[in-house]
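As structure tokens, the structure follows; a few thoughts come after it.
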Amino acid sequence: MLETIKKLIPNRYLLKFRFYYSKSLKDLYIDLKNKKRNLKKSKNYYNLSSNKKFINDIKNKKIVSFDIFDTILIRPFETPKDLFKFIEEKYNTKGFYYRRIEAEERARFNCKYEEITYDDIYNEILPKFQFLKEMELEWEFNLLRVNPMIKEKYDLAQSMGKDVILTSDMYLDKKFIESVLKKNGISNYKKLYISSEIKKTKRTGSIFQYILNDLNINAKDIVHFGDNEKSDFINPKSLKIDSFLVPKLLEHPQIIKRFKWVNEFYKKYPALNGSIFKSIIYFNFWQNESTDYLYKLGYLLGGPLVLSYLNFILENCVAHKIDKLFFVARDGWILKEIYRDNLYSKFKIDFSYVYLSRMVGLFGTLEFCDDAEYLKKILRDYKSKGNDIEIFDTYEKNKQEYYHILQNMKETYKDKIDSLRKHIEKEAGNSSKIAVIDMTTDKFASMYFATNILKERVNLGFYSYVWNGSRKYKYLRFGVKKNTGDDYKYIKLSELLVSSPENNIISFTTEGPVYKKDEDKSHRQIYEKIAAGIKKYTEDVFNLFGDNYYMTCLDSFDEWIEFARMYMTFLPKEDFKSMKKIEHTDLFSRKSKESVYEIFK
């Protein structure tokens, strides 16, 4: 029988369970078997979407009790223990995660009471980790936030004149928990029952009997809501207290079904950033199913890409002592916006939004004659202005024609050449180490044009993905592996997500950028919504983690492609249909438009 019990509970908890129950091994065995059977039967979550049911369930009760942690307060992690991973990474304290877990286990094993205290845990931890005691409390306070699903029910109970109490199995002290509750707008509760203070727990059920005695009420007068099947559902029921099992936010059936792709990605990449992202997504979208699809696309896919790419850029800019960032229009617009609003205050690297697109650079420098297609574009445009030149099928003949008429072309395009040079030189200022920031590239056009004007002052280029490498320029790419299989689809998608609400820019004059006039308003309307989603995602990350935002970032563009692939693989039909409405200029032809639906169908 003892061996059977050992299979039901870990060895390190065996003595602990015996102390809790004060029963013989035989009684303990029967008790565990019964509870295990009940757990299987009871997996029936409370319907939090129905206020009518909630009102009916509490209307005849004097007291409404809510669990605290993972019920009315939640952390932005897959599991509470991920906080220890966060602290380990934040303070570069290798081994803290496992040592912190072990210290709590030892404290529980050695404790003569039903519950331990926070001090008990840190009395068991290695001396080199003792300094993290205050840091852990600080981050608990900063990261704990109210669960809107439960707060709604909490407020409803109070509006009905019910006395609300909060009941928790927690090693943190009462004063600290009161401060967290206050910060999150949870107030006017009748009483707060914390196991570390009264040494009785929900885990054994003893705290519920304590509450009945303390409030001088009968079991029929109280109802309890919590997320732990044993502690919040089975144990109070054993005392005839009505209890309801509410799902943890990350275990909510409706959310899990809607965001299956997030779970699948986390299974493949079970790192801290995946844990945080999963929590952020669930927290912000559990009740926002009607949110505009373009906004969701920006939040779910664009936000992580932009913030992760920027993190990669800035870490390397610091290492290379870059003193100026050139965000290249149009792909650099949203990167510039997020940098300006959230990261400039930290990095203090000056920045500008510059016009160095293919069309602007071609006629603003009359360079790039070493590319056959770009050379033809220059010659065709020059011929269209009434100049009598011949355009050949062969690159060599066109090159000869180009050099023959180059001085005349410089006169024709003088305004564009002078305007672009003045624009770039003005934005460069006195900077001597400039980084050019763009998205995908094949010809390194933005680097080419910037270097043509600023020479060696252009120190480094950044690209999300490089189709063909270059030995001519010093650059870093966020995506490492070569395009394989259907990767190109996601590279196309990234160009839609990281862009600008501006129309295509066809030239640059003394008046500034000249935009293509015949484009409809659909691009602006589409991208403004995508950008709003990206900005909200970054706002949520910075509100939670501040300068520690980097812990939420993906490691590479390749990882983002896998992230996006999971999204598309498990995309609901209604969202897939929405993609038909999203048109994007083809990444390769730069002429025809295609819907995102056509890319992924």
Side-chain angles (χ1 to χ4, degrees), residues 45-46 48-51 54-55 57-59 61-77 80 83 115 118 136-198 200-202 207-208 210-211 214-215 217 222-228 231-233 236 241-252 255 279-280 282-284 286-287 540 543-545:
Y45 286 127
Y46 191 74
L48 289 167
S49 62
S50 174
N51 282 340
F54 180 76
I55 291 170
D57 289 332
I58 71 170
K59 66 181 180 182
K61 306 296 181 180
K62 295 178 181 178
I63 305 291
V64 180
S65 171
F66 291 98
D67 169 49
I68 298 178
F69 294 89
D70 292 328
T71 300
I72 201 165
L73 289 179
I74 54 178
R75 299 176 180 92
F77 301 112
L83 173 64
E115 186 60 281
Y118 189 59
E136 183 179 334
L137 282 179
E138 179 183 336
W139 282 107
E140 281 278 28
F141 183 84
N142 290 339
L143 296 178
L144 280 164
R145 51 187 173 162
V146 70
N147 183 344
M149 291 188 288
I150 304 302
K151 182 60 162 58
E152 180 185 32
K153 302 298 182 284
Y154 178 94
D155 293 340
L156 183 55
Q158 289 189 330
S159 72
M160 293 172 64
K162 303 298 179 182
D163 285 331
V164 175
I165 65 171
L166 297 170
T167 311
S168 180
D169 281 358
M170 175 48 70
Y171 48 76
L172 296 170
D173 65 54
K174 185 176 181 180
K175 184 178 179 181
F176 177 81
I177 294 173
E178 285 175 335
S179 68
V180 177
L181 291 169
K182 182 179 179 181
K183 185 198 80 167
N184 285 281
I186 302 168
S187 58
N188 299 321
Y189 43 85
K190 181 180 178 67
K191 212 154 187 182
L192 180 60
Y193 293 96
I194 305 299
S195 59
S196 62
E197 181 188 39
I198 62 179
K200 297 185 183 299
T201 65
K202 294 184 298 171
I207 201 169
F208 292 109
Y210 179 90
I211 291 170
D214 185 57
L215 297 177
I217 57 174
I222 184 172
V223 59
H224 178 72
F225 296 86
D227 69 284
N228 187 285
S231 299
D232 294 307
F233 183 72
I241 294 173
D242 283 347
S243 59
F244 296 98
L245 181 66
V246 298
K248 290 181 174 67
L249 184 65
L250 297 186
E251 294 177 1
H252 194 292
I255 297 177
S279 174
I280 289 174
Y282 283 19
F283 182 83
N284 287 284
W286 74 271
Q287 59 183 357
D540 289 342
N543 283 343
L544 272 172
F545 295 100

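Please read these numbers as outputs of a predicted model, since none were measured by experiment.
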* Starting at CG of L73, measure out to CZ of F66 and round the result to the nearest 0.5 Å. => 12.5 Å
* **Atom pair NZ/CG of K61 and D242 - distance to nearest 0.5 Å** => 3.5 Å
Salt bridge (Lys or Arg N to Asp or Glu O under 4.0 Å) with [X]: which residues, sequence neighbours excluded?
X: K162; value: none
X: K151; value: D155
X: K191; value: D214
X: D70; value: none

Is any side-chain heavy atom of [X] closer than 4.5 Å to a side-chain heavy atom of [Y]?
X: L181; Y: L192; value: yes
X: M149; Y: V246; value: no
X: L544; Y: R145; value: yes
X: E197; Y: E115; value: no

* Structure fact -> Residues at least two apart in sequence or cross-chain that pass side-chain hydrogen bond (donor to acceptor under 3.5 Å, both in side chains) with D67, listed by chain then number, are T71, K202
* Structure fact -> By ring pair (Phe, Tyr, Trp, His ring centres under 6.0 Å), Y46 pairs with (sequence neighbours left out) F225, F244
* Looking only at side chains, do K248 and N228 share a donor and an acceptor under 3.5 Å apart? -> no
